[in-house]
Amino acid sequence: MDFINEMKWRDMIHDSTPGLQEVLGSGITPAYVGFDPTADSLHIGNLVPIMLLVHYQNCGHQPIALIGGATGLIGDPSGKNTERKLLTLDKVEYNISRIKPQLELFLDFDSGKKSAKIVNNIDWFKNINTISFFRDYGKHLTLNYMLAKDSVQNRMQSGISFTEFSYQLIQAYDFHHLNKTMGCKLQIGGSDQWGNITAGIELIKKTTNNKVHAFTTSLLTKSDGSKFGKTESGNIWLDPKKSSPYKFYQYWMNVSDDDAKKMIKIFTVLNEAEINNLFKLHEKEPHLRILQNELSKRITSRVHGGDAYAQSLKVSNILFGKNTSHLLQEISEEDFLMVFEGVDQYDIDKSILQSGLNVVELLTTHTGIFKSKGETRRLLDSNAISINKIKCKSDCLILKANLLNGKYLLFQKGKKHYSIICAQ
RNA sequence: GGGGGAAUACUCAAGCGGUCAACGAGGGCAGACUGUAAAUCUGCUGGCUUAGCCUUCAGAGGUUCGAAUCCUCUUUCCCCCA
């Protein structure tokens, strides 16, 4: 299968250097994508470059995931308006230790010559001497060339440190190093990486006369204009401790039809015929939301495992199904807690329920879920609040007998916002 | 340095002495419909012990029975002339 054609129908091509297709056609070609360890987990925005590597490997080539243990210490100015705070060495090392296993979930490390590799650029940068680096590599990129990059130009007004300015040279050296040691002939990235990648191409041409290539993918945008991977409560992370599998699953479940069509091509390895078939099925019975189901199933089980997916599905059925208050009564404490891991939890003293507690009091003074009683009454009056999946009015009393498993209350605002109240 | 204008709730933006907790729009939240969608329609969007009360219209004073609205000073911003 041809990688370029594959990317074409998946709508993932933003730009690429001429002649790439011929190179890829000539045999297994190593290519790399860089990941900066700026946080202690990848988030779903990082899934785009990860999937590029996955598709790349499926097209018969060798993917290399480069973790920027060195570049993470510098900071990439691309797409950033302001200078960034430097991360400490400890922090970067910790982040890498968290991110590496996440990358391993996606790639195949046991498929002969196209087995994936994970490398860390600190391994080659830690031994490099500053003077020889400037002499051997700095000499090949002119200041004029480096200043012309968008990432630098965009910062000429607000300011850019030499540290961040030097980033493109550091990244260029990565490409050079991988080309020399692993025969890497292609660097892949988001469209914001074009400048950094071409700097690498330039450096390799000047130092070794080798011809190497760039491939960039468009930044994924959502049809409603919001940023992909962000919710009002922040990023969706791959780390289940930072974003529960349920939240993760729900993110994909909630994407619009248009977005689902785009995403299923990017985030699954289903082939063109399979995807077209899903489109057809979806159009025939749109209410079944086949695309969203397929998306969330495939990505959730890949990242969090089949069990976590099944769990999320089960929970979602309880939360979004009809007349499910009785199902909620049957759920075990263990399942209940697993489901709502990551959901806001509020503790109350069990004794206050002794003679029944007004729901407004419960939600304001005793839990602080709402700060204003007025707001709470408004929501209650507009039928927006449920406890244990049963709608509440403002005169509703909460009793000990209402506790699930003798301990919990499931609070719900609107259709999608849940919290649990734990009575001790 | 001289002259003029402006500051209103999350944002934009009305208001020009009482009927102003403050028009309208956007955003947000919720309800109906639906597919946990989109579109549409409806309600809400300062606080409270909610037929009422309290605190708000840059800040501090003042005039008045009564001020977001008038006056004075302060702060900040904009424009014009030097």
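Every heavy atom of this structure was used, including side-chain atoms; hydrogens, water molecules and symmetry mates were not.
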[N] and [M]: how far apart are their [atom1] atoms, nearest whole angstrom?
N       : M       : atom1 : value
rG5(B)  : rC10(B) : P     : 29 Å
rC23(B) : rC16(B) : C1'   : 15 Å
rC48(B) : rA38(B) : C1'   : 39 Å
rG27(B) : rC81(B) : C1'   : 41 Å
rA14(B) : rU63(B) : P     : 31 Å
rU45(B) : rA37(B) : C1'   : 25 Å
rU75(B) : rU42(B) : P     : 49 Å
rU11(B) : rA21(B) : P     : 22 Å

Just to confirm, is there a sub-4.0 Å distance from OP1 or OP2 of [N] to any side-chain nitrogen or oxygen of [X]?
X         : N       : value
Ser382(A) : rC44(B) : no
Lys371(A) : rG46(B) : no
Lys415(A) : rC33(B) : no
Lys373(A) : rU50(B) : no

Looking for any heavy atom pair under 4.0 Å, which part of the strands does [X] touch: base, sugar-phosphate only, or nothing?
X         : result
Glu285(A) : nothing
Gly414(A) : sugar-phosphate
Asn254(A) : base
Arg289(A) : base

Taking C-beta and beyond as the side chain, do [X] and [Y] meet within less than 4.5 Å on heavy atoms?
X         : Y         : result
Thr17(A)  : Trp194(A) : yes
Gln311(A) : Pro245(A) : no
Leu319(A) : Asn317(A) : no

Practice prompt. Any chance you could lay out the side chain to side chain donor-acceptor pair (under 3.5 Å) test for Gln424(A) and Asp349(A), step after step, and finish with the verdict?
Written response: CA-CA 5 Å; Gln424(A) 302 282 359; Asp349(A) 193 331; over 6 Å; no

Nearest-angstrom distance from the residue atom [atom1] of [X] to [atom2] of [N]:
X         : N       : atom1 : atom2 : value
Lys416(A) : rG31(B) : NZ    : C1'   : 15 Å
Gln412(A) : rC29(B) : CD    : P     : 15 Å
Lys413(A) : rU45(B) : NZ    : C1'   : 12 Å
His282(A) : rA38(B) : NE2   : P     : 13 Å
Gln292(A) : rA38(B) : CD    : P     : 11 Å
Arg377(A) : rG31(B) : CZ    : P     : 19 Å

Worksheet item: Between the base of rG35(B) and the side chain of Asp257(A), is there a donor-acceptor distance below 3.5 Å?
Response: yes

Would you confirm whether the ring centroid of [Y] sits within less than 6.0 angstrom of the ring centroid of [X]?
X         : Y         : result
Phe411(A) : Tyr418(A) : no
Tyr56(A)  : Phe215(A) : no
Trp252(A) : Phe267(A) : yes
His55(A)  : Phe3(A)   : no

Among [options], which nucleotide sits nearest the side chain of [X]?
X         : options                   : value
His417(A) : rA37(B), rA30(B), rU49(B) : rA30(B)
Asn383(A) : rA37(B), rC29(B), rG31(B) : rG31(B)
Arg378(A) : rG31(B), rA37(B), rU45(B) : rU45(B)
His287(A) : rG47(B), rG35(B), rU36(B) : rG35(B)
Ser372(A) : rA30(B), rG47(B), rG35(B) : rG47(B)

With both distances under 3.5 Å as the test, what is the Watson-Crick or G-U wobble partner of [N]?
N       : answer
rG17(B) : none
rA37(B) : none
rA82(B) : none
rA6(B)  : rU76(B)
rU49(B) : none
rG43(B) : rC29(B)

Item to complete: Take Glu361(A) and Ser256(A), find for each the nucleotide of RNA chain B with the closest heavy atom, and name the residue whose nucleotide sits nearer the 5' end.
Response: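 Checking each residue's closest nucleotide, the 5'-ward one belongs to Ser256(A).
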
Item to complete: Specify the residue among Ile385(A) and Gln250(A) whose closest nucleotide of RNA chain B lies further upstream toward the 5′ end.
Response: Ile385(A)

